[in-house]
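Note sheet for the following structure.
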Amino acid sequence: MEERVMPELQSNKYDVSITLVSLQDGQRNVMKANGEVVSKGSHLYIQYEELEQGPRGEEISVRTTIKIAGKQLKLIRHGGIQSEQSFQSGRRLPGFYRSPYTQFNLSTETNKLDVVREGRSLTVAWEYDLYVYEELSGKFAISLHIQEEPKL
């Protein structure tokens, strides 16, 4: 029997616009960025760069990669800030946060994780409790929407 790979599962790369909405304790934050998606087999990698405000008010560049593999999501940040968070519904997973000024271990307990993929558009929504040094630090609800932006 011949195995056929669906076109969206082949290794490819395309430009996207990204909208990330996070809700924490009633505070709503919206971040928009341009990035790219790399699809390798059943894994999806979303990459974008953002500027964040450093502790002294300076702008620092942070490159973010979101890896989606089945029912698990991993958020990896490099640059002025280094961090890693993993999310899988019903599980508490370890992570870390490092900047030139502080570092600590953290963990995320994911209550909900939904991934909806339609061709090259993607919506991911997840809710989690963030623990720092085993203490509950905050409850978050995140939604991420990705849409292909064909180059002109």
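Positions are given from 1 along the sequence.
By the 4.5 Å heavy-atom criterion applied to side chains, K71 and S89 are not counted as neighbours. The shortest side-chain heavy-atom distance between R120 and N12 falls under the 4.5 Å cut-off. Using a 4.5 Å heavy-atom threshold, the side chains of L122 and I68 count as touching. K32 places none of its side-chain heavy atoms less than 4.5 Å from the side chain of S17.
A donor-acceptor pair under 3.5 Å is formed between the side chain of T108 and the backbone N or O of S86.
The cluster map of Ile, Leu, Val, Met, Phe, Trp and Tyr, joined by side-chain heavy atoms under 4.5 Å apart, puts I66 and F140 in the same cluster. Under the 4.5 Å side-chain heavy-atom criterion for Ile, Leu, Val, Met, Phe, Trp and Tyr, V62 and V16 are members of the same hydrophobic cluster. One hydrophobic cluster, built from ILVMFWY side chains closer than 4.5 Å, cannot hold both V124 and V116; they sit in different ones.
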### Task
List the steps and the verdict of salt bridge (charged side-chain N to carboxylate O under 4.0 Å, His left out) for K67 and E84.
CA-CA 11 Å; K67 175 185 175 186; E84 200 170 283; over 6 Å; no
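Summarising the local packing, CD of Q27 is surrounded by 12 or fewer heavy atoms from other residues, nucleotides or ligands at distances under 6.0 Å.
Of the residues Y128, F96, Y131, the one that meets the side-chain contact (heavy atoms from CB on, under 4.5 Å) test with S107 is Y131.
Between F104 and Y97, the ring-plane angle classifies as parallel under the 30° and 60° cut-offs.
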